[in-house]
Trainee: 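The structure's right below; bear with me while I get my questions together.
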Amino acid sequence: MNELFSVKDKVVAITGGTGVLGHCISEYLARQGAKVVVMGRRADEGLAIVEAIKKDGGEAMFLTTDVLDAKVLEQNRDDILARYGRIDALLNAAGGNMPGATIAPTGNVFDLDIADFRKVVDINLSGTVLPTQIFLKPMVEAGSGSIVNFSSMAAFRPLTRVAGYAAAKAGISNFTAFLANEVAKKFSPSIRVNAIAPGFFLTNQNRALLTNPDGSLTERGADVIRQTPFGRFGRPEELCGTIQYLISDASSFVTGTVAVVDGGFNVFAM
């Protein structure tokens, strides 16, 4: 049996684990034999995810977290270490957007709410950096590990409207490259840092931007589909193979990269 892509028995912590994408990835990795730590703010949803994983024969635990609170994150880390003894991978999937950091179709840059802009940059960018600082420490002690950050199409292109979110995601891509060098040079080349950049997947954060209440496409949603060669939105499970690759030995010589999973959106040209 080829073990190159195996994640069996790896301890994988996932922030934003109760979101649409985090939920799907958690269940998938558990089916592949990983020990999954679902981390999020919504305990009821997190506990339900863990219960479903266990009913399916997998191993998981849920921890309530706040990706902007160092003390909470440190307790999360200690709880994981107490139960499993190590942390093999961290997926920084927490993030989100706010109306005030998004420009309406009839608005302009002067309508940006700087307070909401700061909050969006904080939850996405700082909410990636802070968990990384805290969960990286046991990886440094072990001499190995994998971190996967969540970037976006908005990090590659100046997409209209999503000013705060785009700025944060561009920062995540840059931080990923920075950290890949930092940890390989100063700690261990067996600690790898990469990112995944999903194309357009329907989530709780973007559903109202892309679809109408009746499920039809908004003007923006239609623009996205027109510029996606595959002609559809992504399905959450279509991220799972790339995630597995990035935390498995199959990517042992891969660091500092942003893996695009977008149905061709980023290479579309008129």
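What you see is a predicted model; the values in this text were computed from it and never measured. Counting from 1, the numbers follow the sequence of the chain as shown.
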Trainee: Pair Ile87, Leu81 - check side chain to side chain contact (heavy atoms under 4.5 Å, CB included), show working.
Mentor: CA-CA 7 Å; Ile87 299 171; Leu81 293 175; 4.1 Å; yes
Trainee: With a 3.5 Å distance limit and no angle check, can you tell me whether Asn181 reaches the backbone of Phe178 through a side-chain donor-acceptor pair?
Mentor: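 A pair under 3.5 Å: no.
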Trainee: Just do the salt bridge (charged side-chain N to carboxylate O under 4.0 Å, His left out) check on Asp88 and Arg86 with the steps written out, would you?
Mentor: CA-CA 6 Å; Asp88 298 306; Arg86 67 185 193 281; 2.9 Å; yes
Trainee: Between Ser6 (side chain) and Lys8 (backbone), is there a donor-acceptor pair under 3.5 Å?
Mentor: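 Indeed, once roles are kept as given, a pair shorter than 3.5 Å links the two residues.
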Trainee: If only atom types and distance count, is the side chain of Ser251 paired as donor or acceptor with the main-chain N or O of Tyr245 below 3.5 Å?
Mentor: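 At least one qualifying donor-acceptor pair exists.
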Trainee: Any side-chain heavy atom of Phe175 sitting closer than 4.5 Å to one from Val193?
Mentor: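 Result no, sub-4.5 Å side-chain heavy-atom pair not found.
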Trainee: Return the minimal non-hydrogen interatomic distance between Lys10 and Ser248, and the atom names on each side.
Mentor: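 Nearest pair, atom of Lys10 first, then Ser248: CE-CA, 4.3 Å.
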Trainee: Given 3.5 Å as the limit, does a donor-acceptor pair link the side chain of Asp66 with the main chain of Leu68, or not?
Mentor: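 At least one qualifying donor-acceptor pair exists.
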Trainee: Quick check: is Ile49 connected to Val67 through a chain of hydrophobic side chains (ILVMFWY, heavy atoms under 4.5 Å apart)?
Mentor: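 Looking at the clustering, Ile49 is in a separate group from Val67.
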Trainee: Scan side-chain atoms only and decide if Thr18 and Arg42 contain a donor-acceptor pair under the 3.5 Å cut-off.
Mentor: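 There is such a pair (donor and acceptor under 3.5 Å, judged by atom type) between the side chains of Thr18 and Arg42.
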Trainee: Do Ile191 and Val140 have side chains that approach each other closer than 4.5 Å (heavy atoms only, starting at C-beta)?
Mentor: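 Yes - at least one pair of side-chain heavy atoms lies under 4.5 Å apart.
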Trainee: Are the side chain of Gln244 and the backbone of Phe5 linked by a donor-acceptor contact shorter than 3.5 Å?
Mentor: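 Yes, the answer is positive, given that a donor and an acceptor are paired below the 3.5 Å cut-off.
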Trainee: Can you measure from CG (Leu125) to CG (Leu130) and round to the nearest 0.5 angstrom?
Mentor: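 Those atoms lie 11.0 Å apart.
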Trainee: Sequence neighbours left out, what pairs pass ring-ring contact (aromatic ring centres under 6.0 Å, His included) with at least one residue falling in residues 7-65?
Mentor: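 For residues 7-65: none.
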Trainee: How about Val261 and Pro198: do any of their side-chain heavy atoms sit closer than 4.5 Å?
Mentor: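 They are not in contact (no side-chain heavy atoms under 4.5 Å apart), so the answer is no.
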Trainee: Might you point out which heavy atoms bring Pro229 and Gln227 nearest each other, and give the distance in Å?
Mentor: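 In this case the closest contact between Pro229 and Gln227 is CD-O, 3.5 Å.
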Trainee: I'd like to know if the side chain of Asn149 and the backbone of Ala195 have a donor-acceptor N/O pair within less than 3.5 Å.
Mentor: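 No, because the side chain of Asn149 does not come within donor-acceptor range (under 3.5 Å) of the backbone of Ala195.
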Trainee: For Ile14 and Val38, what are the C-alpha separation, side-chain angles and deciding distance, and is it a side chain to side chain contact (heavy atoms under 4.5 Å, CB included)?
Mentor: CA-CA 5 Å; Ile14 306 175; Val38 180; 5.8 Å; no
Trainee: Donor-acceptor pair, Thr15 side chain versus Ala93 backbone, under 3.5 Å?
Mentor: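 Yes, Thr15 side chain to Ala93 backbone: donor-acceptor pair under 3.5 Å.
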Trainee: Assess the side chains of Arg192 and Ser252: does a donor N or O sit below 3.5 Å from an acceptor N or O?
Mentor: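 No, no side-chain donor-acceptor contact under 3.5 Å.
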Trainee: Heavy-atom count around Phe268 CZ within 6.0 Å, excluding the residue itself: above 12?
Mentor: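 Enclosed.
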Trainee: I'd like to know whether CZ of Arg41 has more than 12 heavy-atom contacts from other residues, nucleotides or ligands below 6.0 angstrom.
Mentor: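 Count not over threshold, so no.
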Trainee: With rounding to the nearest 0.5 angstrom, report the CD1 to CD distance, Ile247 to Gln32.
Mentor: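 Here the interatomic distance stands at 10.0 Å.
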Trainee: Within a strict 4.5 Å, meaning less than it, do heavy atoms of the Val20 and Phe201 side chains meet?
Mentor: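 Val20 vs Phe201: side chains apart.
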Trainee: How about Ile196 and Val148: do any of their side-chain heavy atoms sit closer than 4.5 Å?
Mentor: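 A side-chain contact under 4.5 Å exists here.
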Trainee: Examine the side chains of Asp79 and Gln75 and answer whether a donor and an acceptor come within less than 3.5 Å of each other.
Mentor: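 A pair is found: one side chain offers a donor N or O, the other an acceptor, under 3.5 Å apart.
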Trainee: Do you know the tightest heavy-atom contact between Asn124 and Ala168?
Mentor: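 For Asn124 and Ala168, the tightest heavy-atom pair comes out as CB-CB, 3.6 Å.
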Trainee: Strictly below 4.0 Å, N to O, side chains only: are Lys137 and Glu141 in salt-bridge contact?
Mentor: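 No salt bridge links Lys137 with Glu141.
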Trainee: Can you find a heavy atom in the side chain of Ile25 that is under 4.5 Å from one in the side chain of Glu237?
Mentor: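 No, too far: nothing below the 4.5 Å cut-off.
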Trainee: Is the side chain of Asp111 donor-acceptor paired with the backbone N or O of Asn108 at a distance under 3.5 Å, no angle test?
Mentor: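 Flag set: sc Asp111 to bb Asn108 pair under 3.5 Å.
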Trainee: Can you measure from OG1 (Thr102) to CG (Leu112) and round to the nearest 0.5 angstrom?
Mentor: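 Interatomic distance, Thr102 OG1 to Leu112 CG, rounded to 0.5 Å: 8.5 Å.
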Trainee: Would you check if the side chain of Lys169 reaches a backbone N or O of Phe150 as a donor-acceptor pair within less than 3.5 Å?
Mentor: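 Here the side-chain-to-backbone pair exists.
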Trainee: Take Asn206 and Asn97 through the test side chain to side chain contact (heavy atoms under 4.5 Å, CB included) and record every step on the way to the result.
Mentor: CA-CA 8 Å; Asn206 68 12; Asn97 204 352; over 6 Å; no
Trainee: Strictly by modelled atom types, are Thr255 and Asn194 linked by a side-chain donor-acceptor pair under 3.5 Å?
Mentor: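 The criterion, which ignores hydrogens and geometry beyond distance, is not satisfied for Asn194 and Thr255.
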Trainee: With side chain to side chain contact (heavy atoms under 4.5 Å, CB included) as the test, would you mind laying out the steps for Val12 and Leu91 before giving the verdict?
Mentor: CA-CA 7 Å; Val12 183; Leu91 309 186; 4.0 Å; yes
Trainee: May I ask whether Ile172 and Ile147 are part of the same hydrophobic cluster, defined by side-chain heavy atoms of I, L, V, M, F, W, Y residues being less than 4.5 angstrom apart, directly or through others?
Mentor: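 Shared cluster, yes.
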Trainee: Do we see a donor-acceptor contact under 3.5 Å between the side chains of Thr218 and Asn212?
Mentor: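 Not at all, the side chains of Thr218 and Asn212 share no donor-acceptor pair under 3.5 Å.
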Trainee: State, with a plain yes or no, whether a side-chain heavy atom of Met61 is found less than 4.5 Å away from one of Tyr84.
Mentor: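 Met61 reaches Tyr84 side chain to side chain.
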Trainee: Kindly give the heavy-atom pair with the smallest separation between Ser26 and Ile53, and that separation in Å.
Mentor: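 Taking Ser26 first and Ile53 second, the nearest heavy atoms are O-CD1, 3.9 Å.
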Trainee: What distance do Lys119 atom NZ and Ser126 atom OG have between them, rounded to the nearest 0.5 Å?
Mentor: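 Rounded to the nearest 0.5 Å, the NZ-OG separation comes out at 14.0 Å.
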Trainee: Hey, what else clusters with Leu202 if you join Ile, Leu, Val, Met, Phe, Trp, Tyr whenever side-chain heavy atoms sit under 4.5 Å?
Mentor: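 Members alongside Leu202: Met98, Val120, Met153, Phe156, Leu159, Val162, Tyr165, Phe200, Leu209, Leu210, Leu217, Val224, Ile225, Phe233, Val258, Val260, Phe265.
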Trainee: Would a hydrophobic clustering, with Ile, Leu, Val, Met, Phe, Trp and Tyr connected at side-chain separations under 4.5 Å, put Leu90 with Leu63?
Mentor: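 Yes, Leu90 and Leu63 fall within the same hydrophobic cluster.
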Trainee: Is the shortest side-chain N to carboxylate O distance from Glu74 to Lys71 below 4.0 Å?
Mentor: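 Result for this pair is no, no salt bridge flagged.
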Trainee: Checking side-chain hydrogen bond (donor to acceptor under 3.5 Å, both in side chains) between Glu59 and each of Arg83, Lys54, Lys35, which is the one that passes?
Mentor: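 Among the candidates, only Arg83 passes.
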Trainee: Tell me whether Val37 is reachable from Phe135 by hopping between hydrophobic residues (I, L, V, M, F, W, Y) whose side-chain heavy atoms are closer than 4.5 Å.
Mentor: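 The answer is yes; both residues are in one hydrophobic cluster.
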Trainee: Going by heavy atoms in the side chains, are Thr228 and Asp262 under 4.5 Å from each other?
Mentor: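 No, every pair of side-chain atoms sits at 4.5 Å or beyond.
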Trainee: Show the nearest heavy-atom pair for residues Cys24 and Cys240, with the distance to one decimal.
Mentor: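 So the two residues come closest at SG-SG, 4.0 Å.
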Trainee: Taking the side chain from Asn92 and the backbone from Pro131, do they hold a donor-acceptor pair closer than 3.5 Å?
Mentor: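 Flag not set: sc Asn92 to bb Pro131 has no pair under 3.5 Å.
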